[in-house]
J.: 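Input: one structure, supplied below.
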Amino acid sequence: MINAIFIGPPGAGKGTVASMLHDECGYVPLSTGDILRRAVKEGTELGIKAKDYMDRGELVPDDVIIGIVKEYMATNDSAKGFIFDGFPRTIAQAEALQEMTQIDCVFLLDASEDVVIERLSGRRVCKKCGAIYHIKNHPPKVEGVCDICGGELYQRDDDREQTIRMRLRVYREQTAPLIDFYREKGLLVDIDANRDAVENAREIADYIKRHCSN
Ligand code: ADP
Ligand code: ZN
């Protein structure tokens with residue numbers, strides 16, 4: 001069993017790669033962004049608290065995030081291990097995670113700003129199952145309709161250009177310090193995420209097989 005973290009700017013393809021590794025290897029993705037979006041959609045107390053931060057492209061407060069991760073891990077079984085996608089995003093979150101479980105490797109999925117802006121502004125997501133598409137690079141067979149479940153595709157509120165720029169700034173200022181934090185622990189693995197998600201998933205799966213699993 002292994003626990004891995006994906007760090008990287010928005011649009012690096014963390015969610016896409018995590019879901020590929022789930023399908024192929026059985027690792028359970030733990031995406032705080034997905035958990036929050038579900039809460040917003042359902043109108044829960046958490047969702048009401050988180051929505052404004054998310055729409056502005058800012059981070060949701062650490063104590064809220066740490067609480068939802070603890071609860072998720074307590075109520076979801078993962079025999080093979082978790083892939084933390086989008087968590088931790090601050091040093092305080094990383095320190096809290098250290099108290100919760102052991103981390104075996106941290107993948108830095110890095111991509112240039114031009115590439116991530118192009119990816120995010122063309123991204124479409126299935127309302128029903130969460131599958132991710134891109135209007136140019138990975139279009140659905142029928143425009144606006146999910147190939148997998150027939151659900152309606154939509155553009156995330158925070159995938160508008162101005163919000164994307166804010167999210168990139170927040171990444172540089174608050175999340176990028178985690179790169180040194182984990183590099184110093186000898187856990188960081190660099191992945192060139194300018195490439196296609198399929199290639200990234202293959203490289204990461206190979207790395208886990210060779211170095212992290214037992
Ligand atoms: P992306 O990585 O594409 O920016 P996510 O789906 O991971 O998007 O997150 C969307 C939004 O949810 C973030 O902009 C932020 O407001 C909130 N969020 C998700 N994870 C965290 C976290 N670990 N800490 C604080 N806020 C978070
Ligand atoms: Zn779908």
Side-chain angles (χ1 to χ4, degrees), residues 5-19 29-41 46-73 82-97 100 107-111 113 115-134 138 140-142 144-178 193 197:
I5 295 174
F6 285 2
I7 298 180
K14 304 182 294 291
T16 306
V17 173
S19 93
L30 196 171
S31 161
T32 43
D34 283 351
I35 296 171
L36 292 171
R37 272 185 294 283
R38 221 173 300 138
V40 170
K41 202 169 116 189
L46 168 66
I48 292 163
K49 242 191 246 172
K51 187 175 188 316
D52 287 345
Y53 295 102
M54 295 174 77
D55 285 349
R56 288 194 300 263
E58 293 170 11
L59 294 185
V60 173
D62 285 335
D63 57 332
V64 175
I65 293 290
I66 292 164
I68 64 175
V69 171
K70 275 193 180 143
E71 191 193 312
Y72 193 94
M73 290 179 72
F82 287 106
I83 292 180
F84 294 92
D85 160 20
F87 175 87
R89 256 178 160 87
T90 63
I91 296 283
Q93 292 178 17
E95 285 169 346
L97 179 60
M100 292 183 230
F107 295 97
L108 171 61
L109 287 83
D110 213 354
E113 295 219 346
V115 167
V116 305
I117 289 170
E118 203 269 333
R119 281 183 188 161
L120 292 175
S121 49
R123 175 160 72 179
R124 299 293 182 271
V125 186
C126 174
K127 248 184 194 158
K128 248 198 200 147
C129 77
I132 302 166
Y133 298 86
H134 188 281
H138 175 43
K141 292 199 183 78
V142 180
V145 181
C146 178
D147 290 348
I148 301 164
C149 76
E152 186 191 335
L153 304 186
Y154 76 108
Q155 180 170 38
R156 274 169 47 174
D157 286 341
D158 58 354
D159 279 347
R160 283 164 297 128
E161 175 131 5
Q162 211 194 351
T163 316
I164 293 170
R165 292 196 185 279
M166 179 64 179
R167 284 157 64 202
L168 283 167
R169 202 173 104 201
V170 168
Y171 172 75
R172 278 195 301 270
E173 289 173 1
Q174 302 191 55
T175 305
L178 292 178

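Side-chain atoms are counted along with the backbone in the values below, which use heavy atoms only and exclude waters and symmetry mates. All ligand and atom numbering here is 1-based and tracks the order in the structure.
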J.: Check this for me, if you would: do Glu113 and Arg172 make a salt bridge, where the nitrogen-to-carboxylate-oxygen distance has to be below 4.0 angstrom?
T.: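 Yes, charged N to carboxylate O under 4.0 Å.
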
J.: Compute the minimum heavy-atom distance from Arg56 to ligand 1 and say whether it is under 4.0 Å.
T.: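 Per 4.0 Å heavy-atom rule, Arg56 does not contact ligand 1.
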
J.: So which protein heavy atom does atom 16 (O) of ligand 1 come closest to, and at what separation?
T.: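 Going atom by atom, the protein heavy atom closest to atom 16 (O) of ligand 1 ends up being Glu58 O, 2.5 Å.
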
J.: May I ask you to list the atoms of ligand 1 that are less than 4.0 angstrom from any heavy atom of Arg156?
T.: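 Heavy-atom distances to Arg156 below 4.0 Å select 3 (O), 5 (P), 6 (O), 8 (O), 10 (C).
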
J.: Among all protein heavy atoms, pick the one closest to atom 26 (N) of ligand 1 and tell me residue, atom and distance.
T.: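 For this ligand atom, the closest protein heavy atom is Val60 N, 3.0 Å.
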
J.: State, to the nearest 10 degrees, the angle whose vertex is the Zn ion (ligand 2) and whose arms point to SG of Cys129 and SG of Cys149.
T.: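 Between SG of Cys129 and SG of Cys149, at the Zn ion (ligand 2), the angle is about 120°.
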
J.: Hey, is OH on Tyr53 packed in by over 12 heavy atoms from elsewhere, all under 6.0 Å?
T.: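 No, not enclosed.
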
J.: Only heavy atoms of Gln93, strictly under 4.0 Å: list the atoms of ligand 1 that pass.
T.: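 In order of number, 22 (C), 23 (N), 24 (N), 25 (C).
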
J.: Looking at ligand 1, does any of its N/O atoms fall within less than 3.5 Å of an N/O of Ile65?
T.: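 Among all N and O atoms of Ile65, none is under 3.5 Å from an N or O of ligand 1.
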
J.: Can we say Asp159 and Arg167 salt-bridge, meaning some charged N sits less than 4.0 Å from an Asp/Glu carboxylate O?
T.: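 Salt bridge: yes.
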
J.: Can you confirm, on distance only, whether ligand 1 has an N/O atom lying under 3.5 Å from any N/O atom belonging to Gly86?
T.: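 Yes; the residue has a nitrogen or oxygen that sits under 3.5 Å from a nitrogen or oxygen of the ligand.
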
J.: Numbering the atoms of ligand 1 from 1, which are under 4.0 Å from a heavy atom of Leu36?
T.: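 Going through ligand 1 atom by atom, the ones under 4.0 Å from Leu36 are 12 (O), 17 (C), 18 (N), 19 (C).
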
J.: Determine whether Asp157 and Thr163 make a side-chain contact, defined as any pair of heavy atoms from C-beta on separated by less than 4.5 Å.
T.: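 No, their side chains stay 4.5 Å or more apart.
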
J.: Could you tell me which atoms of ligand 1, counted from 1 in the order shown, lie closer than 4.0 angstrom to a heavy atom of Arg37?
T.: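 Those atoms are 6 (O), 10 (C).
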
J.: What is the nearest protein non-hydrogen atom to atom 9 (O) of ligand 1, stated with its residue, atom name and distance?
T.: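 Ranking protein heavy atoms by distance from atom 9 (O) of ligand 1, first comes Arg89 NH2, 3.4 Å.
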
J.: Below 4.0 Å from any atom of ligand 1, is there a heavy atom belonging to Arg123?
T.: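 Under 4.0 Å: yes for Arg123.
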
J.: Salt bridge (charged side-chain N to carboxylate O under 4.0 Å, His left out), that's the test. Do Arg38 and Asp34 meet it? Break it down for me.
T.: CA-CA 6 Å; Arg38 221 173 300 138; Asp34 283 351; 5.3 Å; no

J.: Could you tell me which atoms of ligand 1, counted from 1 in the order shown, lie closer than 4.0 angstrom to a heavy atom of Thr32?
T.: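 Near Thr32, meaning under 4.0 Å from one of its heavy atoms, ligand 1 has 19 (C), 20 (N), 21 (C), 23 (N).
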
J.: Give a yes-or-no answer on whether the side chains of Asp62 and Thr90 include a donor-acceptor pair shorter than 3.5 Å.
T.: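 The criterion, which ignores hydrogens and geometry beyond distance, is satisfied for Thr90 and Asp62.
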
J.: Working to the nearest 0.5 Å, report the span between CZ of Arg160 and CG of Leu120.
T.: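 These two atoms lie 12.5 Å from each other.
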
J.: Is it the case that more than 12 heavy atoms not belonging to Gln155 sit under 6.0 Å from its CD atom?
T.: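 Yes, because the 6.0 Å sphere around CD of Gln155 holds more than 12 heavy atoms from other groups.
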
J.: If you measure from CD1 on Ile65 to CG on Leu46, what distance do you get to the nearest 0.5 Å?
T.: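 If I round to the nearest 0.5 Å, the distance is 7.5 Å.
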
J.: To the nearest 0.1 Å, how far is atom 3 (O) of ligand 1 from its closest protein heavy atom, and which atom is that?
T.: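 Checking every protein heavy atom, the shortest distance to atom 3 (O) of ligand 1 gives Arg167 NH2, 2.8 Å.
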
